[in-house]
Protein chains: 2
Amino acid sequence: MSPITVLLVDDHLVVRSGLRALLGTQPDLHVIAEAASGEEAMDRVQERSPDVVVMDLAMGAGMDGIEAIRRIRERNRSQAILVFTTYDSDADIVRAVDAGAMGYLLQDAAPEEIFSAIRGAVQGKSVMSPPVASRLFQQLRNPEEILTPREAELLSLLTEGLSNRELGRRLFISEATVKTHLAHIYAKLGVETRAAAIATAIRREGMR
Amino acid sequence: MSPITVLLVDDHLVVRSGLRALLGTQPDLHVIAEAASGEEAMDRVQERSPDVVVMDLAMGAGMDGIEAIRRIRERNRSQAILVFTTYDSDADIVRAVDAGAMGYLLQDAAPEEIFSAIRGAVQGKSVMSPPVASRLFQQLRNPEEILTPREAELLSLLTEGLSNRELGRRLFISEATVKTHLAHIYAKLGVETRAAAIATAIRREGMR
DNA sequence: GAGTCTCTCAGCCTTTTGGCTGATACGGCT
DNA sequence: AGCCGTATCAGCCAAAAGGCTGAGAGACTC
């Protein structure tokens with residue numbers, strides 16, 4: 001059986017060489033290229049056509065991981081893409097899977113888990129770290145959590161620390177309307193105070 | 001000249017092997033041990049007495065990096081400790097330097113930067129990544145922003161969305177005291193509402 | 001021993017927030 | 001035409017948060 005070719009994408013050199021060393025212990029896995037950015041990743045995929053792309057979502061400058069996944073899948077469906085990232089945010093998971101990622105691993109995954117995820121990805125199996133899976137599951141179980149555009153807008157401003165009055169002014173609506181929207185947002189997020197709403201919003205989304 | 005002995009501390013195996021591979025390219029740097037937790041790090045220091053400890057601050061379970069730095073410095077001052085972490089939060093930098101770290105590098109630092117930081121640390125020089133340095137500088141310029149331990153504790157709970165009453169219960173203090181602390185925190189953070197305090201706290205610190 | 005910092009608590013008053021009920025208007029879907 | 005989701009607004013009331021002043025206890029420093 002011919003070896004599985006892998007492209008590593010991460011803006012941290014240390015993580016790339018760590019992964020390279022780790023995968024090097026497996027005779028059937030060959031790292032054939034590395035990339036430090038989304039743009040570079042697309043070039044390498046074009047040139048080398050790896051079987052699997054192992055990608056970090058958080059990339060310093062330029063195109064982010066999600067966008068890179070989407071573009072790679074757009075022009076070439078033969079690669080399996082595995083997300084390999086440090087932090088797990090609900091929004092990222094959903095967006096990555098949506099963009100076409102085959103699996104989602106956290107960086108503290110056990111080596112065996114990583115190997116089998118790569119091997120599985122080639123065969124079309126999707127793998128995810130247990131904590132990731134449970135989050136995704138929860139996300140899918142609560143479809144009522146989807147905010148309307150207006151609510152999302154409000155929530156976003158809410159995380160800037162604005163008061164109801166300021167929110168109203170900013171959105172050209174009355175304070176009464178602000179309160180109505182907030183009540184709906186709280187219900188959907190499952191919280192009771194604006195403080196909790198802000199906390200969950202910032203932590204859940206990549207809002208920073 | 002005898003080589004510089006190094007202990008790597010990081011809960012991610014991938015980062016450890018990446019660093020090991022990277023440092024392996026330098027004849028004068030010898031990685032003599034690795035540790036995946038604060039506790040383990042202390043044991044390794046005791047056993048092997050490395051010249052330099054390269055440590056990640058964010059460690060999954062158990063003792064965190066800051067605490068590990070403090071304890072290592074307490075019982076043995078001959079090690080130089082270098083912080084090597086992914087994210088830079090203002091509070092972490094101050095706390096790490098306070099605990100006795102000789103330098104503070106971000107994981108996307110260039111290899112040369114890492115090497116020279118390690119070599120410099122042995123000679124008592126402190127090194128930090130430019131973005132880190134500028135943050136620290138800013139922090140020192142605003143000394144009024146430094147929260148007391150109790151205030152930091154409160155702020156941390158605040159970001160979970162607790163009410164004043166809940167905060168009081170959790171910390172075994174009256175609601176009146178909670179309000180006093182909050183007023184001080186708001187003043188130091190330059191905000192006027194708990195919402196804004198939560199927003200700035202979560203975004204500024206690495207609180208997730 | 002006086003000054004400073006930190007943590008603790010109280011009372012009083014204003015503003016803000018949140019819960020509830022009910023209402024109008026617009027657009028899309030059946 | 002009727003229904004539903006979304007966005008808009010109002011009034012009322014209770015709870016929470018925030019501003020202010022004042023104050024005592026313990027620790028640490030000069």
Side-chain angles (χ1 to χ4, degrees), chain A residues 140 142-202 205, chain B residues 66 70 74 90-91 94-95 97-100 139-202 205 207:
Chain A
L140 294 177
N142 294 4
E144 70 276 13
E145 272 199 27
I146 295 167
L147 303 178
T148 68
R150 195 54 158 174
E151 286 163 359
E153 202 178 350
L154 241 128
L155 182 57
S156 160
L157 286 176
L158 197 62
T159 64
E160 319 240 304
L162 301 188
S163 71
N164 290 350
R165 189 169 307 171
E166 291 169 320
L167 288 171
R169 265 205 265 273
R170 197 75 85 82
L171 298 174
F172 306 107
I173 57 180
S174 81
E175 214 179 313
T177 307
V178 170
K179 290 172 83 173
T180 307
H181 284 309
L182 285 182
H184 294 158
I185 292 173
Y186 297 164
K188 289 183 181 178
L189 293 184
V191 298
E192 264 139 24
T193 67
R194 83 169 40 209
I198 292 173
T200 59
I202 299 186
E205 310 293 321
Chain B
I66 303 276
R70 189 167 290 121
E74 251 173 35
D90 297 338
V94 175
R95 283 165 61 219
V97 170
D98 201 54
Q139 187 82 3
L140 293 178
R141 272 196 352 177
N142 295 9
E144 69 276 12
E145 272 200 28
I146 295 168
L147 302 178
T148 68
R150 194 57 157 173
E151 285 163 0
E153 202 177 350
L154 241 127
L155 182 56
S156 159
L157 286 176
L158 197 62
T159 63
E160 319 242 304
L162 300 189
S163 71
N164 290 349
R165 188 168 307 171
E166 292 169 319
L167 288 171
R169 265 204 265 272
R170 197 74 86 81
L171 298 174
F172 305 108
I173 57 180
S174 81
E175 213 179 315
T177 306
V178 170
K179 289 170 90 172
T180 305
H181 284 308
L182 286 181
H184 293 158
I185 292 173
Y186 297 164
K188 289 183 182 178
L189 293 185
V191 298
E192 264 138 26
T193 66
R194 82 167 41 208
I198 292 173
T200 61
I202 299 186
E205 315 289 324
M207 293 186 185

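Note on naming: letters A, B, ... go to the chains in the order of the sequence lines (proteins, then strands), and numbering restarts at 1 for each one.
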Have a look at Thr180(B) and say if it touches a base, only the backbone sugar-phosphate, or nothing, with a 4.0 Å heavy-atom cut-off.
base
Does the Ser156(B) side chain pair with the main chain of Ala152(B), one donor and one acceptor, at a distance under 3.5 Å?
no
What is the distance from CG of Leu154(B) to P of dG18(D), rounded to the nearest Å?
12 Å
Report yes if the side chains of His181(A) and Leu171(A) come closer than 4.5 Å at any heavy-atom pair, otherwise no.
no
Could you work out which one of dG19(D), dA7(D), dT8(C) sits closest to the side chain of Glu192(B)?
dG19(D)
Within less than 4.0 Å of OP1 or OP2 of dC9(C), is there a side-chain N or O belonging to Thr177(B)?
yes
Starting at atom NE2 of His184(B), determine the distance to atom C1' of dC5(C), rounded to an integer number of angstrom.
11 Å
Once you round it to whole Å, what is the distance between C1' of dC20(C) and OH of Tyr186(A)?
16 Å
In this structure, how many angstroms lie between the P atom of dT8(C) and the CD atom of Glu151(B), rounded?
10 Å
Given side chains that start at C-beta, do those of Leu157(B) and Leu154(B) come closer than 4.5 Å, heavy atoms only?
no
Round to the nearest Å and state the distance from Phe172(A) atom CZ to dT8(D) atom C1'.
15 Å
Quickly work out the Ile185(B) CD1 to dG19(D) P distance and round it to whole Å.
13 Å
How close or far is atom C1' of dT16(C) from atom CD1 of Ile198(A), stated in whole angstroms?
13 Å
Would you say Thr177(B) and Thr180(B) are linked by a side-chain donor-acceptor pair, where the criterion is simply a distance under 3.5 Å?
no
Ignoring hydrogens, what is the shortest heavy-atom contact between Ala197(A) and Leu158(A)? Give both atom names and the distance.
CB-CD2, 4.2 Å
Asn164(A) vs dT17(C): side-chain N/O to OP1/OP2 distance below 4.0 Å:
yes
Rounded to whole Å, please give me the gap between CG in Leu182(A) and C1' in dT8(D).
14 Å
Would you tell me if any nitrogen or oxygen in the side chain of Ser174(A) comes within less than 4.0 Å of OP1 or OP2 on dC9(D)?
yes
Counting only side-chain nitrogens and oxygens, does Ser163(B) get under 4.0 Å of the OP1 or OP2 atom of dA16(D)?
no
For Glu175(B), which contact category applies under a 4.0 Å heavy-atom criterion: base, sugar-phosphate, or nothing?
nothing
